[in-house]
Amino acid sequence: MSEEEKVMTQETDEAAAKMPAETTSEETPAAADEIAAAESGSEEAAAESVSAENAAENKEISPAGEKTQPAETMADYDEAITASMKPIHEGDILTGTIIGISDTELTVDLGIYTDGVIRLEDASDDPDFTFREFEIGQEVSATVIRRDNAQGRIQLSLKAAAAVLGWERLQQLEKDQSNITVKVSEAVKSGVTAYVEGIRGFIPASKLSLSYVENLDEYVGRELEVRVITAEPESKRLVLSARDILREKEQEERKQRISNVEIGLVTEGTVETIKDYGAFINLGKGLSGLLHVSQISKQRIKHPGAVLKEGQTVKVKIIAVKDGKISLSMKALEDVAAQEVEEETYEMPKTEAATTSFASLLKNIKL
């Protein structure tokens with residue numbers, strides 16, 4: 001072997017010694033299992049590392065080491081994004097939050113790509129309507145009447161929404177017989193008008209008061225507590241009543257006053273009506289009582305009208321209060337008067353005039 005060949009052989013052996021030993025088919029099964037387990041452990045460790053990194057992205061750690069709320073992700077905005085991309089059509093009823101108020105319009109945040117605007121003329125048919133009762137942050141529902149006005153905003157109408165939502169609420173008010181407060185707008189033939197939910201309602205004159213109303217103009221501008229007695233969206237017929245509420249209040253007040261009435265009390269009253277069985281006496285303060293025909297006089301009378309007349313003032317005694325009814329008597333006062341006459345005595349005063357002669361009485365008379 002030449003010197004050149006020896007050098008080449010030596011370099012080859014040194015290179016082979018530096019290379020890592022390869023696994024051969026002669027390695028034992030145990031050794032192969034150890035190698036597979038090592039590789040598997042490496043993969044699990046890598047997966048745990050990735051999971052920890054993801055968790056770290058979604059959780060912030062405070063300086064004290066305490067975990068705070070997870071950070072927001074795109075999933076949290078899905079609903080808002082979906083709502084903002086929802087197609088808007090004329091006639092849709094949208095609900096939003098008032099973010100601006102002026103004398104002529106409301107600006108509403110609809111949670112979509114643009115704001116909505118409600119002009120005063122689209123708010124109500126009530127000529128006295130203003131935006132003063134609205135507040136920033138208040139929720140309102142309105143109907144889309146134009147998807148894109150000159151300012152690029154959605155034009156809305158409270159008035160149009162009331163035609164749907166307002167009638168629904170009015171029908172519920174009729175069902176529940178709930179009390180609401182309205183302001184009388186104008187006097188018309190046979191009654192007055194008022195607006196509820198932007199809808200014109202009618203209050204008949206007979207439903208305004210417990211008594212006859214002669215001048216309807218006196219009610220214009222007044223606030224009244226009323227109930228819905230008819231709500232018909234098909235015919236746009238809304239009828240209100242204040243009388244039912246007034247009657248209930250009067251009955252409650254009457255019960256309270258009757259509970260304070262004392263049996264045996266003598267008072268004056270006015271004859272309101274006369275019936276075959278007696279007369280009803282107005283005692284004032286909303287109270288009245290029955291003066292039965294048998295309690296009018298000691299003498300037997302066939303009809304109360306033989307002794308009493310409507311409008312006549314009489315003195316009566318309260319003899320009973322039962323089930324909210326007051327029973328009166330004039331006969332009882334006759335018994336009292338007779339007893340007082342029997343017990344009363346008259347004493348002649350002891351004065352000089354008591355012993356004066358008849359001649360001295362005529363002495364100072366000039367003829």
Side-chain angles (χ1 to χ4, degrees), residues 177 179 184 190-192 203-219 222-227 229 239-348:
Q177 284 297 280
N179 297 352
V184 176
S190 304
V192 298
I203 309 175
S206 60
K207 299 294 185 181
L208 274 173
S209 174
L210 293 174
S211 56
Y212 175 74
V213 178
E214 186 173 354
N215 187 1
L216 293 172
D217 290 328
E218 293 179 353
Y219 280 83
R222 286 174 55 180
E223 288 190 345
L224 297 177
E225 196 172 12
V226 298
R227 285 182 187 156
I229 58 176
V239 183
L240 312 171
S241 172
R243 181 169 183 158
D244 298 340
I245 300 173
L246 294 174
R247 183 183 290 113
E248 289 176 6
K249 288 183 177 180
E250 183 188 54
Q251 290 173 349
E252 188 61 35
E253 291 172 359
R254 185 174 185 276
K255 286 180 182 178
Q256 185 63 35
R257 288 194 293 267
I258 287 178
S259 66
N260 296 326
V261 170
E262 297 180 11
I263 297 175
L265 178 68
V266 176
T267 184
E268 283 190 346
T270 304
V271 178
E272 281 187 322
T273 56
I274 297 176
K275 305 292 183 181
D276 292 340
Y277 52 84
F280 286 97
I281 310 300
N282 184 356
L283 303 175
K285 297 182 179 180
L287 294 178
S288 61
L290 174 62
L291 177 62
H292 194 268
V293 64
S294 63
Q295 293 294 325
I296 294 176
S297 174
K298 278 188 173 183
Q299 297 178 355
R300 186 182 179 89
I301 58 175
K302 293 182 179 180
H303 192 275
V307 178
L308 302 173
K309 293 181 180 180
E310 291 184 1
Q312 179 182 348
T313 301
V314 294
K315 185 175 285 187
V316 293
K317 181 179 181 179
I318 298 173
I319 58 175
V321 178
K322 185 178 181 181
D323 298 331
K325 298 177 181 179
I326 301 174
S327 297
L328 307 172
S329 175
M330 291 175 63
K331 185 174 73 173
L333 295 179
E334 292 179 10
D335 295 337
V336 171
Q339 185 178 355
E340 289 177 351
V341 169
E342 290 176 3
E343 294 177 353
E344 185 178 357
T345 58
Y346 182 79
E347 294 183 3
M348 190 72 173

Distance-minimising heavy-atom pair for Gly324 and Arg254
O-NH1, 2.9 Å
Please list, chain by chain and in numerical order, all residues satisfying side chain to side chain contact (heavy atoms under 4.5 Å, CB included) with Ser209, sequence neighbours excluded.
Ser211, Val213, Tyr219
With sequence neighbours excluded, tell me which residues meet side-chain hydrogen bond (donor to acceptor under 3.5 Å, both in side chains) with Asn260.
none
Would you say the side chain of Ile319 lies within less than 4.5 Å of the side chain of Leu328, judging by non-hydrogen atoms?
no
If you round to the nearest 0.5 Å, how far is CD1 of Ile203 from OG of Ser206?
11.0 Å
Show your reasoning for whether side-chain contact (heavy atoms from CB on, under 4.5 Å) applies to Lys325 and Leu290.
CA-CA 8 Å; Lys325 298 177 181 179; Leu290 174 62; over 6 Å; no
Which pairs, with at least one residue in residues 239-249 and sequence neighbours excluded, count as a salt bridge (charged side-chain N to carboxylate O under 4.0 Å, His left out)?
Glu225-Lys249, Arg227-Glu248, Asp244-Arg247
Nearest atoms (heavy-atom pairs only) where Leu240 meets Lys207:
O-CB, 4.1 Å
Atom CD1 of Ile318 and atom OG1 of Thr267: how far apart are they, to the nearest 0.5 Å?
6.5 Å
4.5 Å side-chain heavy-atom contact, Ile245 and Leu224
no
How close do Ala242 and Leu208 get, heavy atom to heavy atom, and via which atoms?
CB-O, 3.9 Å
Please set out all donor-acceptor pairs under 3.5 angstrom arising from side-chain atoms of residues 271-289, sequence neighbours excluded.
| residue | atom | partner | partner atom | Å |
| --- | --- | --- | --- | --- |
| Glu272 | OE2 | Asn282 | ND2 | 3.4 |
| Asp276 | OD1 | His303 | NE2 | 3.1 |
| Asn282 | OD1 | Gly284 | N | 2.9 |

Measuring from atom CD of Glu250 to atom CD of Glu253, what distance do you get when rounded to the nearest 0.5 angstrom?
7.5 Å
Which donor-acceptor pairs under 3.5 Å do the side chains of residues 305-314 make with protein atoms, sequence neighbours left out?
| residue | atom | partner | partner atom | Å |
| --- | --- | --- | --- | --- |
| Gln312 | OE1 | Lys309 | N | 2.9 |

Just how far is it from atom NZ of Lys331 to atom NE2 of His292, taken to the nearest 0.5 Å?
10.5 Å
What pairs with Ser329 under side-chain hydrogen bond (donor to acceptor under 3.5 Å, both in side chains), at least two apart in sequence or on another chain?
Gln295
Drop me the distance from Ser294's OG to Ile301's CD1, to the nearest 0.5 angstrom.
9.0 Å
